[in-house]
2 protein chains.
Amino acid sequence: MTGVLVVDDDQHLLKALRITLQAHGYAVETAADGEAALIAASRNPPGIVVLDLGLPDMDGAAVLRELRRWSTAPVLVLSARHGSSDKVDALDAGADDYITKPFGLEELLARLRALLRRAPEAIEPSTVDTPEFSVDLGRRMVTRNGEPVRLTPTEWSILELLVRNPGKLITQQQILASVWGPAYEKEANYLRVYMAQLRRKLEADTGNPRHLLTEAGIGYRFRP
Amino acid sequence: MTGVLVVDDDQHLLKALRITLQAHGYAVETAADGEAALIAASRNPPGIVVLDLGLPDMDGAAVLRELRRWSTAPVLVLSARHGSSDKVDALDAGADDYITKPFGLEELLARLRALLRRAPEAIEPSTVDTPEFSVDLGRRMVTRNGEPVRLTPTEWSILELLVRNPGKLITQQQILASVWGPAYEKEANYLRVYMAQLRRKLEADTGNPRHLLTEAGIGYRFRP
DNA sequence: CGGAATCTTGACGGATCCTTAACGCCGGTG
DNA sequence: CACCGGCGTTAAGGATCCGTCAAGATTCCG
């Protein structure tokens, strides 16, 4: 059963959407503001998100960007604004679709189906395992031989980026831009320090890493 | 460069879309009716399709269903009809997005970007295989007999260039300019060294290469 | 305010990669 | 048949990159 996270500050609309979506077989979770949305999404990662741009606490686009930092779930944006630039901004910020209020429920449902058709990974793996250690993306926790491993925020950010792209080579620039920001793309020194730290905590033989691999001159790669 | 197939019977709109899309870096192909669209799509598979539902010869939905039988490229539907059931039908027939005329070009471009973000696989195959080795462009990884092959950055750059143009003859100048920069077009020596290196790592018989072929006096060619 | 955890910075040895040069092979040519 | 240019192969040197360590700076939290 696919999980839908509906974010809107209009209680009536929220209730109507909940009933409709549940009637069509979705597991619905709701949030009334941006902060609650991000908490709910991290606690119980949804298969798809319906997001109203007009939230009381923070800009809808900000919620979208924050969500995109760690979630690839499709996002359908609701908005009362018909302006072209609003749509362009939301879509370029990571939204997958944009419909304006008022909208027909049938259309909303059809668009959700179309989006979910493209994202078969609706239930993305919440944990990634290797013979030596296990990474729980949802709980932000790493265990090794059953024992929890303490990671600093920076260590986790790097490990998460690598683990979410198993086997894929991530360039140093990508890691630096993702963890420290695009302005730090030259600071390859940081990376060396933190990769050594991660290997010391996760690899049996830091000299011959089996899962956190180096590609000299390019970047790093996680092998499961 | 991503290929866009635009299908519409309005010649003015067709021309406008062609100019706009080309200005944004897409390779544009056009068709004025359903049959021409299907032929064009099969002859030169597009990365994404913009499809008008009101075609003279056949129902737009029929084109969509026929296309979906063999293509997974994202489809954005244009239509003059605002009705809810029209949208639902098109989306459920396999369309990925639906916008009604008149529409803003900026919005169309943003929606194309959003769709292409989701379907990178539809644009180009992410792996290229030969009987002996396999090149995974997306993961930047090469495997031979299931075993990963270590390539240096320069080796990978050359191999990638050749593999992305299967069967096509690439001149030495093109390779040198692409990998080392236009100032190195005279340094054919580099190429000899690296082609030998690549063959040693990828070919069974380096004396009789089966996939990394030399065209004496001209350049090199990758044969799948 | 003080201590602990985390991040930044710099330096060093070692590993990896790039460049360069030399030599043998082959086919074409005078 | 000798010569010559283009190609394949190899190995050594130097340049670059990476792993490691430790100390100082900063932030976090009680």
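All chains are named by letter (A, B, ...) in the order of the sequence lines, taking the proteins before the strands, and each is independently numbered beginning at 1. Hydrogens, waters and symmetry mates are skipped; everything else that's a heavy atom, side chains included, is used.
- Checking the phosphate oxygens (OP1, OP2) of dC7(D), a side-chain nitrogen or oxygen of Gln172(B) falls inside 4.0 Å.
- Tyr220(B) has a side-chain polar atom (N or O) that falls below the 4.0 Å cut-off from OP1 or OP2 of dG8(D).
- Atoms CG (Leu151(A)) and P (dT6(C)) sit 10 Å apart, rounded to a whole Å.
- An OP1 or OP2 oxygen of dT8(C) is reached within less than 4.0 angstrom by no side-chain nitrogen or oxygen of Tyr184(A).
- Ser134(B) and Asp129(B) share a donor-acceptor pair across their side chains, judged by distance under 3.5 Å alone.
- The side chain of Thr152(B) approaches dC17(C) more closely than any other nucleotide in the set dG8(D), dC17(C), dT6(C).
- Closest to the side chain of Pro153(B), out of dG19(D), dT10(D), dC17(C), is dC17(C).
- Considering only side-chain N and O atoms, Trp180(B) lies nowhere under 4.0 angstrom from the phosphate OP1 or OP2 of dC18(C).
- Close to dT6(C), at under 4.0 Å from its OP1 or OP2, lies a side-chain N or O of Arg150(A).
- Protein atom CG of Asp205(A) is 13 Å distant from nucleotide atom C1' of dG19(D), rounded to whole Å.
- Candidate nucleotides dC17(C), dT9(C), dT9(D) were compared by shortest atom distance to the side chain of Glu187(A), and dT9(C) ranks first.
- For dG8(D), neither phosphate oxygen OP1 nor OP2 lies less than 4.0 angstrom from any side-chain nitrogen or oxygen of Arg200(B).
- Distance, Leu213(B) CG to dG8(D) P: 11 Å, rounded to whole Å.
- In this structure, Arg192(B) and Thr214(A) both approach DNA chain D, and ranking their closest nucleotides by distance from the 5' end singles out Arg192(B).
- Contact between Glu29(B) and Ala40(B) at its shortest, heavy atoms only, is OE2-CB, 4.1 Å.
- A salt bridge between Arg150(B) and Glu215(A) is absent, with no side-chain N of the basic residue lying under 4.0 Å from a carboxylate O of the acidic one.
- In this structure, Leu176(B) atom CG and dC18(C) atom P are separated by 14 Å, rounded to whole Å.
- Rounding to whole angstrom units, CG of residue Leu198(A) and P of dT6(C) are separated by 13 Å.
- Rounded to an integer number of Å, the gap from CG of Asn189(A) to C1' of dT16(D) is 14 Å.
- By the 30° and 60° cut-offs, the orientation of the rings of Trp180(A) relative to Tyr190(A) is tilted.
- The phosphate of dT20(D) has neither OP1 nor OP2 within less than 4.0 Å of any side-chain N or O from Tyr194(A).
- Going from atom CD of Gln197(A) over to atom C1' of dA5(C) covers 12 Å, rounded to whole Å.
- Rounded to whole Å, atom P of dT9(D) lies 10 Å from atom CD of Glu203(B).
- Listed pair Thr154(B) / dC17(C) fails the phosphate criterion, with no side-chain N or O lying under 4.0 Å from OP1 or OP2.
- For the residue pair Arg18(A)/Thr30(A), the side-chain donor-acceptor check at 3.5 Å is satisfied.
- Taking side-chain N and O atoms only, Tyr190(B) has no distance below 4.0 Å to OP1 or OP2 of dC18(C).
- A salt bridge is absent between Asp97(B) and Lys87(A); no separation between the charged side-chain nitrogens and carboxylate oxygens falls under 4.0 Å.
- Regarding contacts with the backbone of dG19(D), every side-chain N or O of Thr206(A) stays at 4.0 angstrom or more from both OP1 and OP2.
- Considering only side-chain atoms of Ala216(A), the nucleotide from dG19(D), dC17(C), dT9(C) that sits closest is dC17(C).
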